[in-house]
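Here the structure is a predicted model, which means the values were calculated and not measured.
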Amino acid sequence: MADDLFRLAHHDRTGRPLLHASVAGLGLAAALLAELVVAEAIVIESDQVCVVSRTPPPDVLAYTVLGQLAGEVAGHTVRTWLAFLSQTSRERVALRLLRSGHVRPEAGRRLLTRSPVYVPTDSHVAVWPWARLSTRLRQGKPLDRFDTVLAGLAVATDLHRRVLDGAPGHVVAGLRQMVAVAPPSLRLLLSHTEAAVGDAVLTGH
C-alpha cells in the first residue's frame with residue numbers, strides 16, 4: 001500500500017516529489033496504518049488506533065510499525081499516530097523500496113537540503129499504480145479493497161487530481177462513492193487522514 005502511494009507521489013522517471021513533504025508524510029503514514037488494518041492487526045474505532053493482533057507481520061517495516069503501536073499502553077488517536085509516523089514515513093518506505101531494488105538514491109539538487117531523491121529503477125513499475133487506477137476509474141470499473149484504499153489516500157492527499165487529470169466530473173464523483181463504502185476502519189482512517197492533510201495545508205506545516 002505505502003509502496004504504491006510512494007510511487008503515485010513521485011515522478012515515475014525522475015523520482016521528483018509531487019507533494020509537499022508534510023502532505024506526503026501524512027499520506028504515507030496513513031498507508032502504513034492501512035497495511036496493518038488490511039492485515040487485521042489493528043482496527044480504527046472512532047478516533048483511536050486499537051491493536052487487535054500482535055502476530056508479527058512478515059514485512060519488516062509493518063512489523064516495526066506494529067511494535068510501535070503495541071508498545072504504547074495508553075494508546076493514541078489516529079491523528080497523533082499520523083503526525084508521529086509522518087516524520088519518518090517517506091524515508092522508511094523509500095528504504096523498503098531500495099532494499100527490494102525498486103529505487104536508487106541520488107543526491108538532492110535543491111539548496112539547503114540533503115534529502116535524497118529516490119529514482120525508480122523501472123519506470124514501468126513506477127507508473128503502474130497511476131495507470132491502473134486511472135484506467136479502471138475512467139472506465140467505471142470497480143476497485144478491489146487494495147485499490148479502493150489507495151484511491152482514498154490519493155483523494156486525501158489530492159493526488160487524485162493527477163490520476164484523473166482531464167477526466168469528467170462524474171469520474172471523480174464515482175471515485176468518492178467507492179471510497180465512501182470502504183470497510184469501516186479504512187473509511188475512518190481515510191477521513192482522519194484527509195482532515196490531517198487539510199490542517200497541514202492550512203497551517204503550512
Notebook entry, point to check: Is there side-chain contact between L69 and L33, with at least one heavy-atom pair below 4.5 Å?
Noted result: yes

Checklist line | Counterpart residues, ring pair (Phe, Tyr, Trp, His ring centres under 6.0 Å), relative to F6 (two or more places apart) | finding: H10

Check: What pairs of residues pass the ring-ring contact (aromatic ring centres under 6.0 Å, His included) test when at least one of them lies in residues 32-88, not counting sequence neighbours?
Finding: H76-W81, W81-F84

Item checked: R92 side chain near R90 side chain, heavy-atom distance below 4.5 Å -> no

Note to self: Could you check whether any side-chain heavy atom of L32 comes within less than 4.5 Å of a side-chain heavy atom of S89, counting everything from C-beta outward?
What the structure shows: yes

Check: Which residues pass the salt bridge (charged side-chain N to carboxylate O under 4.0 Å, His left out) test with R7, sequence neighbours left out?
Finding: D4

Notebook entry, point to check: Which residues pass the side chain to side chain donor-acceptor pair (under 3.5 Å) test with E40, sequence neighbours left out?
Noted result: none

Check: Are V38 and L5 co-members of a hydrophobic cluster defined by side-chain heavy atoms under 4.5 Å apart?
Finding: yes

Notebook entry, point to check: What residues form a side chain to side chain donor-acceptor pair (under 3.5 Å) with T55, not counting sequence neighbours?
Noted result: S53

Next item on the list: Scan for side chain to side chain donor-acceptor pair (under 3.5 Å) pairs involving residues 170-192, sequence neighbours excluded, and state none if there are none.
Entry: none

Note to self: Can you list everything that forms a side-chain contact (heavy atoms from CB on, under 4.5 Å) with A196? Sequence neighbours excluded, please.
What the structure shows: L26, R79, L82

Can you list, pair by pair, the side-chain donor-acceptor contacts under 3.5 Å of residues 93-103, counting residues two or more places apart and other chains?
unit_1, atom_1, unit_2, atom_2, d
R96, NE, D3, OD1, 3.0
R96, NH1, E35, OE1, 3.3
R96, NH1, D59, OD2, 2.7
R96, NH2, D3, OD1, 2.9
R96, NH2, E35, OE2, 2.8
S100, OG, R96, O, 3.2
S100, OG, L97, O, 3.0

Next item on the list: Could you work out the complete set of other residues in the hydrophobic cluster of V52, with links drawn between I, L, V, M, F, W and Y side chains under 4.5 Å apart?
Entry: V43

Notebook entry, point to check: Honestly curious: do V125 and W130 fall in one hydrophobic cluster under the side-chain, below-4.5 Å linking rule?
Noted result: no

Next item on the list: Please report the C-alpha distance between R162 and D165 in whole Å, then the side-chain angles of each, then the deciding distance to 0.1 Å, and finally whether the salt bridge (charged side-chain N to carboxylate O under 4.0 Å, His left out) criterion is met.
Entry: CA-CA 5 Å; R162 178 172 180 265; D165 184 32; over 6 Å; no

Next item on the list: Say whether L18 and L28 are linked into one hydrophobic cluster, either directly or through other cluster members, by side-chain heavy-atom distances under 4.5 angstrom.
Entry: no

Notebook entry, point to check: So if you build clusters from Ile, Leu, Val, Met, Phe, Trp, Tyr with side-chain heavy-atom gaps below 4.5 Å, do L190 and V201 land together?
Noted result: yes

Margin query: Quick one, L164 and L137 - any side-chain contact, counting heavy atoms below 4.5 Å?
Written below: yes

Notebook entry, point to check: Would you call Q48 and V78 a side-chain contact if the rule is heavy atoms closer than 4.5 Å?
Noted result: no

Checklist line | Within-4.5 Å side-chain heavy-atom neighbours: Q68 and L85 | finding: yes

Kindly list each side-chain donor-acceptor pair under 3.5 angstrom involving residues 144-157, sequence neighbours excluded, with atom names and distances?
unit_1, atom_1, unit_2, atom_2, d
D144, OD1, F146, N, 3.3
D144, OD1, D147, N, 2.8
D147, OD1, R132, NE, 3.1
D147, OD1, R132, NH2, 2.8
D147, OD2, R132, NE, 2.8
T148, OG1, D144, O, 2.8
T157, OG1, L153, O, 2.8
T157, OG1, A154, O, 3.4

Notebook entry, point to check: Is there side-chain contact between P57 and L36, with at least one heavy-atom pair below 4.5 Å?
Noted result: yes

Next item on the list: Identify, with sequence neighbours excluded, every residue that meets side chain to side chain donor-acceptor pair (under 3.5 Å) alongside S134.
Entry: R138

Item checked: Residues in side chain to side chain donor-acceptor pair (under 3.5 Å) contact with H160, at least two apart in sequence or another chain -> none

